[in-house]
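Contents: one structure, followed by commentary.
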Amino acid sequence: MTPPPPSPPPSPSSSSPLLTETERRDKLTECLLSQYKFCAGGVVAGGAFSMARASTVRVGPWPLLAGGFLGTMGDFIYGYFVECAHLRDDNDSIIGVKEKK
C-alpha cells in the first residue's frame, strides 16, 4: 500500500478570518485615521519654511496650517491606496458610491 498524498498547504486567505462588511469598513476607517506621517512632516516643513522666509513671510500659523492640511491629504491618499489597500474591495470608491458592473 502506498501512503496517501500529503494535503496541500492552506491558502493565505483561508488562514485569515473573514470580516463582515461592517467590520471591514470599521477597520478601514481605523487604518485611514491612524496615518499621521505626512501631516507631521507638513507641519515641520511649514515651520521650516516660516523660519527660512521670516523676512518675507508674515509670522503666523498659516505656513504650519497649510503644511498640516497638505500632509493630511497626503496621509489619506497614501493610506487609501497603499497602507490600507488590503481592506478595500472592488466595490469601494473614494466618494463612497458603489459602482455597478
Side-chain angles (χ1 to χ4, degrees):
M1 280 176 77
T2 61
S7 62
S11 65
S13 61
S14 67
S15 64
S16 62
L18 296 176
L19 300 173
T20 64
E21 182 71 17
T22 305
E23 291 172 336
R24 188 187 58 78
R25 287 193 181 270
D26 289 344
K27 286 191 177 284
L28 179 61
T29 301
E30 182 181 333
C31 181
L32 286 174
L33 293 178
S34 69
Q35 306 298 317
Y36 64 89
K37 295 178 282 278
F38 291 121
C39 179
V43 170
V44 170
F49 176 80
S50 182
M51 286 189 279
R53 306 284 292 183
S55 62
T56 59
V57 175
R58 187 171 45 153
V59 177
W62 298 113
L64 298 171
L65 291 173
F69 177 76
L70 292 174
T72 300
M73 292 298 103
D75 281 330
F76 282 134
I77 292 168
Y78 176 78
Y80 187 79
F81 288 109
V82 178
E83 195 74 26
C84 307
H86 65 282
L87 295 169
R88 293 187 298 129
D89 67 5
D90 294 336
N91 293 327
D92 282 341
S93 167
I94 292 177
I95 57 174
V97 178
K98 292 187 176 185
E99 299 172 2
K100 293 186 179 184
K101 291 184 178 181

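The first residue in the sequence is number 1, and the count goes up from there. As a basis for the values below, the full set of heavy atoms in this structure was taken, side chains included, without hydrogen atoms, waters or symmetry mates.
Put simply, V43 and M51 are part of two different groups of oily side chains (I, L, V, M, F, W, Y) that touch within less than 4.5 Å, one to the next. A single hydrophobic cluster is not seen to contain both Y36 and I77; linkage of ILVMFWY side chains at heavy-atom distances under 4.5 Å, directly or through other members, places them apart.
T29 contributes a side-chain N or O that, together with a main-chain N or O of R25, makes up a donor-acceptor pair within less than 3.5 Å. Q35 places no side-chain N or O within 3.5 Å of a backbone atom of L32 that could act as its donor or acceptor partner.
The line from CG of D26 to SG of C31 is 12.5 Å long, rounded to the nearest 0.5 Å. Distance check: L87 CG to E23 CD gives 11.5 Å after rounding to the nearest 0.5 Å. How far SG of C39 is from CZ of F69: 11.0 Å, rounded to the nearest 0.5 Å. The structure places CE of M73 at 8.5 Å from CG of L70, a figure rounded to the nearest 0.5 Å.
Salt-bridge formation is detected for the pair R24/E21: a Lys NZ or Arg NE/NH1/NH2 atom is positioned less than 4.0 Å from an Asp or Glu carboxylate oxygen.
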Exercise for review: Apply the test side-chain contact (heavy atoms from CB on, under 4.5 Å) to residues R53 and T56: give CA-CA distance (whole Å), side-chain angles for both, the deciding distance (0.1 Å), then the verdict.
Suggested key: CA-CA 6 Å; R53 306 284 292 183; T56 59; 3.4 Å; yes

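Residues Y80 and R88 come closest through the heavy atom pair O-NE, 3.0 Å.
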